[in-house]
Engineer: 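Right, I'll just put the structure down here and ask away after.
Convention: sequence-line order gives letters A, B, ...; per-chain numbering from 1.
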Amino acid sequence: MAFTLNVNGAAHVIDEEEDIPLLYVLRDTLRLNGAKYGCGVGQCGACTVLRDGAPVRSCVVPAVSLQGREVTTLEGLRAPDGALHALQRAFLAEQAGQCAYCIPGMILSAAGLLRRKPSPTEADIRTALDANLCRCGSHNRIVRAVQRAAAELSG
Amino acid sequence: MSAPVSRRSVLKGSLVMAFALAGPDVGWAAPAKKNGLPQDLARTPGLDAWIRIGEDGVVTLMTGKVELGQGILTALGQLCAEELDVEPSRLRVVSGDTRVCPPEGPTAGSMSIPNGGAAVRQASAEVRALLVDMAAKQLRIPAKRLTVRDGTLQDTGGSARITYWELVGGKRLQREATGTVAPKPAAQRKQVGRSLPRVDLPAKVTGEARFVQDLRSDTLVHGRVVRAPTPGASLVSVDFAPVTAMPGVLKVVRDGDFLGVIATGEWRAVKAAAALAATARWKERAPLPVDPHAWLLAQPTQDTVIHSVERPTDVAPTRTLEATYRRPYQMHASIGPSCAVAAWDGATMTVHTHSQSVFETGEALAKLLGLSKEHVHCRHQEGAGCYGHNGADDVAADAALLARALPGHSVRVQWSREDEHTNEPYGSAMVTRVRAGVDANGDVLDWDYALWSTAHGTRPGGEPGNLLAGRSLAKPFAQPEPRNGGPPNYSADRNAIPLYAFPGQAVTTHFVKAMPVRVSSMRGLGAYANVFSIESFVDELAHAANVDPVAFRLRQLRDERAKAVITRATERFNWAGFQRRPHHGRGLAFARYKNLAAYCAVCLEVFVDPDTHVPRVVRAVIAADAGEVVNPDGLANQLEGGLIQSLSWTLKEAVRYDARRILSRDWEGYPILTFSEAPPVDVQLIDRPEEPFLGAGEASQGPTAAALANAVFDATGLRVRDLPLTAERLRTLREIQASGHPG
């Protein structure tokens with residue numbers, strides 16, 4: 001079936017099966033790399049994107065259900081001139097990541113948090129990221145990166 | 001506590017081999033040199049196999065080592081830029097391409113800087129010397145008048161200048177390394193020893209294609225493999241018809257028990273694989289040992305005394321203590337399940353893979369496909385962190401087999417979470433028993449250590465029988481008999497030889513060849529369980545002697561660098577000034593990884609909730625001496641990451657299974673540490689720029705586990721010897737204690 005999906009500020013006409021999760025449309029149809037496949041059952045957060053600014057697990061959200069909504073992926077965080085988002089800069093400044101496969105999901109979950117709560121405490125950040133799994137043990141650097149971005153955005 | 005194992009029974013048991021060693025510092029994996037060259041350079045001495053100078057001013061560094069998230073490409077680039085005197089931004093690094101990179105074996109064992117780094121440093125120094133010599137001849141001036149800055153050679157006594165790329169003119173260097181050029185002394189280094197940012201991270205935070213999962217081509221199609229529900233199950237029947245009729249399905253492939261499907265879109269492939277799985281009928285068995293530790297102790301074993309030191313005195317011990325420790329099966333549990341992209345053009349199989357062993361896996365794939373190895377081209381492309389031998393090689397075989405069935409297409413095979421959790425080779429369950437006879441001061445006179453384990457190394461190694469698909473074909477490749485590979489202290493017995501100066505020592509490995517649960521190399525191999533056991537028991541001995549665990553360790557160590565990391569860690573932790581609070585405890589543990597790589601000491605503070613028994617790590621200090629440090633921030637990231645990962649293993653992780661099936665099929669069935677559970681970590685590096693590199697990527701795993709158990713004991717008086725160290729175990733131990741029976 002055909003439906004329209006707004007991704008990163010552009011409307012796309014998608015002709016895919018009715019049950020296709022958003023993740024597969026983003027990666028396979030729209031060729032966007034930001035959302036990662038991690039578990040397919042909404043447990044790890046690697047596939048996190050924003051739906052109208054709030055984090056969702058794209059691996060379990062049917063793409064069809066997002067008609068009329070705005071979807072933002074990692075690629076959509078950059079400014080129109082290509083400048084990196086404060087979170088992207090902060091993750092680089094803190095060297096927050098090892099393999100970094102989980103990092104796109106971390107950045108989008110953090111973006112959702114900062115939109116909701118511009119000056120979060122460290123505990124707020126940890127709680128917000130508890131459902132995003134990191135296996136390399138980069139947790140503390142990721143928390144520092146979010147704190148750095150929050151300070152920049154609210155300062 | 002288990003039944004006593006006497007030293008006599010250990011030594012007089014059914015030993016088939018015995019090694020007499022002078023001490024723990026056997027040189028099997030020290031940074032080896034051959035003909036004055038680092039071993040990787042001796043194996044591939046042609047300088048243009050490592051470095052090429054392009055006419056465009058781009059310097060290409062080729063390495064057989066691969067990026068696993070550990071930052072190796074950044075560190076190797078620093079070493080190359082340093083010795084060549086070029087800016088790091090001038091470098092292009094090509095890694096893990098079997099057609100163009102020097103074969104350096106697997107990227108594993110904390111050996112990439114000691115071996116690969118040493119080779120890059122020497123090759124770069126030799127190329128620089130060669131280019132300076134060429135410039136001197138061309139400019140007709142003495143070489144010593146030349147300085148080099150970012151590839152431009154300048155005559156310090158005149159105005160003449162020339163660049164590397166003008167000198168070379170796009171040609172290859174065609175010279176071999178001689179070992180006669182000395183790399184820069186420590187005082188002259190500008191790039192090495194600095195925390196340069198990782199070269200791979202920018203693409204990863206912007207979503208550029210960096211991972212193998214992101215590769216796309218115009219001929220890309222998606223494959224999935226349907227695996228047996230039980231290890232060793234055989235496929236009785238399967239009905240292709242409903243699957244081939246599904247939209248987008250291009251091909252269903254069956255070869256014996258190997259079953260796969262290829263479709264035009266990824267979601268279509270996912271659904272087709274589910275449909276195929278639904279029609280497949282398997283004959284299952286019940287091969288899994290439900291109590292792995294009882295099973296290990298009941299198996300026939302290959303017994304080896306790997307270390308034996310006769311005590312020179314005959315003073316009788318005043319007391320003998322012993323304990324048994326157990327580690328469960330644990331998984332690598334990569335955040336990104338394994339993936340590969342393969343294409344068959346009728347002559348060559350090209351495989352994009354995140355394997356740690358592109359060269360050896362390429363050979364295994366060639367045998368699997370009946371091709372000569374020249375016709376399999378493996379190209380490393382990053383995956384998610386692997387921490388050892390996970391599904392990377394298996395999925396490469398899956399992709400190659402499916403690609404052969406559909407020539408002219410790039411076939412991308414993405415394992416599901418369940419595929420990865422249930423099929424990857426785990427870190428082996430282990431049992432260790434340690435017994436010590438101590439003198440009146442509580443110091444050790446006789447140390448007797450034994451371990452039971454299945455294999456820690458079943459990487460492909462050129463053998464298709466080590467690949468899941470290879471064992472599944474109608475004409476299967478036999479799985480090679482698992483071995484306890486390498487010299488003593490290497491594999492299951494990694495770090496089984498204590499670094500302490502105990503007068504009498506015996507260390508025995510009981511290796512179990514059977515492998516009902518698939519196992520292989522996981523970060524640290526046996527060192528995780530062995531260091532956990534040794535450092536827990538040393539803590540038990542210190543408490544039995546009523547001596548501070550720090551002082552107890554220091555007085556039985558003779559290695560000054562070992563003492564230095566313990567001292568640094570305990571000072572930063574403020575061990576001496578530790579303020580006692582209810583339900584809080586402190587713990588220390590130490591090891592030198594493999595007894596010849598990095599020194600590492602860990603101090604932890606824990607809080608154990610008196611009602612729920614849930615242990616929480618409040619803070620951590622880790623001190624390490626990795627010799628010369630190439631990139632301090634990269635090293636700190638690895639050490640801290642290893643500590644947090646080891647806390648996850650130690651607090652939470654055990655593969656769940658019954659006699660038939662693996663039950664840890666997703667993250668609910670195999671929980672790992674979360675942000676709220678990760679403590680702040682203070683990383684202390686002792687940099688020794690004049691000393692050789694000491695690999696550190698796995699150094700944190702063992703000490704962290706023991707420091708945790710020791711801190712929990714300090715907080716609760718409960719000694720946990722079975723991992724993982726969960727609230728349930730603490731509750732059980734508390735109940736046993738309350739009932740008056742000894743734990």
Engineer: Can you tell me which portion of Arg89(A) sits under 4.5 Å from chain B's heavy atoms? Options are side chain, backbone, both or neither.
Structural biologist: neither

Engineer: Can you tell which of Glu75(A), Lys36(A), Gln95(A), Arg78(A) has the highest number of heavy-atom pairs within less than 4.5 Å of chain B?
Structural biologist: Gln95(A)

Engineer: What part of His222(B) lies closer than 4.5 angstrom to a heavy atom of chain A: side chain, backbone, both or neither?
Structural biologist: side chain

Engineer: Which atoms of Val270(B) come close to chain A, meaning under 4.5 Å heavy atom to heavy atom: side chain ones, backbone ones, both, or neither?
Structural biologist: side chain

Engineer: Name the member of Pro21(A), Ala131(A), Pro104(A) that forms the most heavy-atom pairs with chain B at distances under 4.5 Å.
Structural biologist: Pro21(A)

Engineer: Where does Arg665(B) contact chain A at under 4.5 Å (heavy atoms): side chain, backbone, both or neither?
Structural biologist: neither

Engineer: Using a strict threshold of under 4.0 Å (side-chain N to carboxylate O), is an ion pair present between Asp52(A) and Arg69(A)?
Structural biologist: yes

Engineer: I'd like to know if Arg144(A) and Glu94(A) make a salt bridge, using a cut-off of under 4.0 Å between side-chain N and carboxylate O.
Structural biologist: yes

Engineer: Can a side-chain donor-acceptor contact be found between Gln645(B) and Arg523(B) if the only test is distance below 3.5 angstrom?
Structural biologist: yes

Engineer: Between Leu673(B) and chain A, with a heavy-atom cut-off of 4.5 Å, which part of the residue counts as in contact: side chain, backbone, both or neither?
Structural biologist: backbone

Engineer: Which atoms of Ile20(A) are under 4.5 Å from chain B, going by heavy atoms: the side chain, the backbone, both sets, or neither?
Structural biologist: both

Engineer: Can you tell me if Asp130(A) and Thr127(A) form a side-chain donor-acceptor pair at under 3.5 Å?
Structural biologist: no

Engineer: For the residue pair Thr674(B) and Glu677(B), confirm or rule out a side-chain donor-acceptor distance under 3.5 Å.
Structural biologist: yes

Engineer: Quick one: do the Asp419(B) and Ser416(B) side chains pair a donor with an acceptor below 3.5 Å?
Structural biologist: yes

Engineer: Heavy-atom distances under 4.5 Å only: say whether Gln213(B) touches chain A with side chain, backbone, both or neither.
Structural biologist: both

Engineer: Testing the 3.5 Å rule here: is there a donor-acceptor pair between the side chains of Asn637(B) and Gln98(A)?
Structural biologist: yes

Engineer: For Tyr24(A), is it the side chain, the backbone, both, or neither that has a heavy atom closer than 4.5 Å to a heavy atom of chain B?
Structural biologist: side chain

Engineer: So which of Ala100(A), Gly34(A), Gly40(A) has the largest heavy-atom pair count under 4.5 angstrom toward chain B?
Structural biologist: Ala100(A)

Engineer: Side chain, backbone, both or neither: which part of Pro197(B) has a heavy atom under 4.5 Å from chain A?
Structural biologist: both

Engineer: Identify which part of Ala636(B) has an atom lying under 4.5 Å from any heavy atom of chain A, answering side chain, backbone, both or neither.
Structural biologist: both

Engineer: Tell me which of these, Ala96(A), Ala46(A), Cys44(A), Gly97(A), has more heavy-atom pairs under 4.5 Å with chain B than the rest.
Structural biologist: Gly97(A)

Engineer: Can you tell me which portion of Glu420(B) sits under 4.5 Å from chain A's heavy atoms? Options are side chain, backbone, both or neither.
Structural biologist: neither

Engineer: Checking the side chain of Ser700(B) only, and the main-chain atoms of Leu639(B) only, is there a donor and an acceptor separated by less than 3.5 Å?
Structural biologist: yes

Engineer: If you count heavy-atom pairs under 4.5 Å with chain B, which of Ile103(A), Leu133(A), Leu87(A) comes out on top?
Structural biologist: Leu133(A)

Engineer: State whether the side chain of His354(B) and the backbone N or O of Ala384(B) hold a donor-acceptor pair below 3.5 Å, judged by distance alone.
Structural biologist: no

Engineer: Do Ser648(B) and Glu653(B) have side-chain atoms, one donor and one acceptor, less than 3.5 Å apart?
Structural biologist: yes

Engineer: Heavy-atom cut-off 4.5 Å, strictly under: side chain, backbone, both or neither for Trp415(B) against chain A?
Structural biologist: backbone

Engineer: Find the distance between OG1 (Thr650(B)) and CD (Gln330(B)) and round it off to the nearest 0.5 Å.
Structural biologist: 7.0 Å

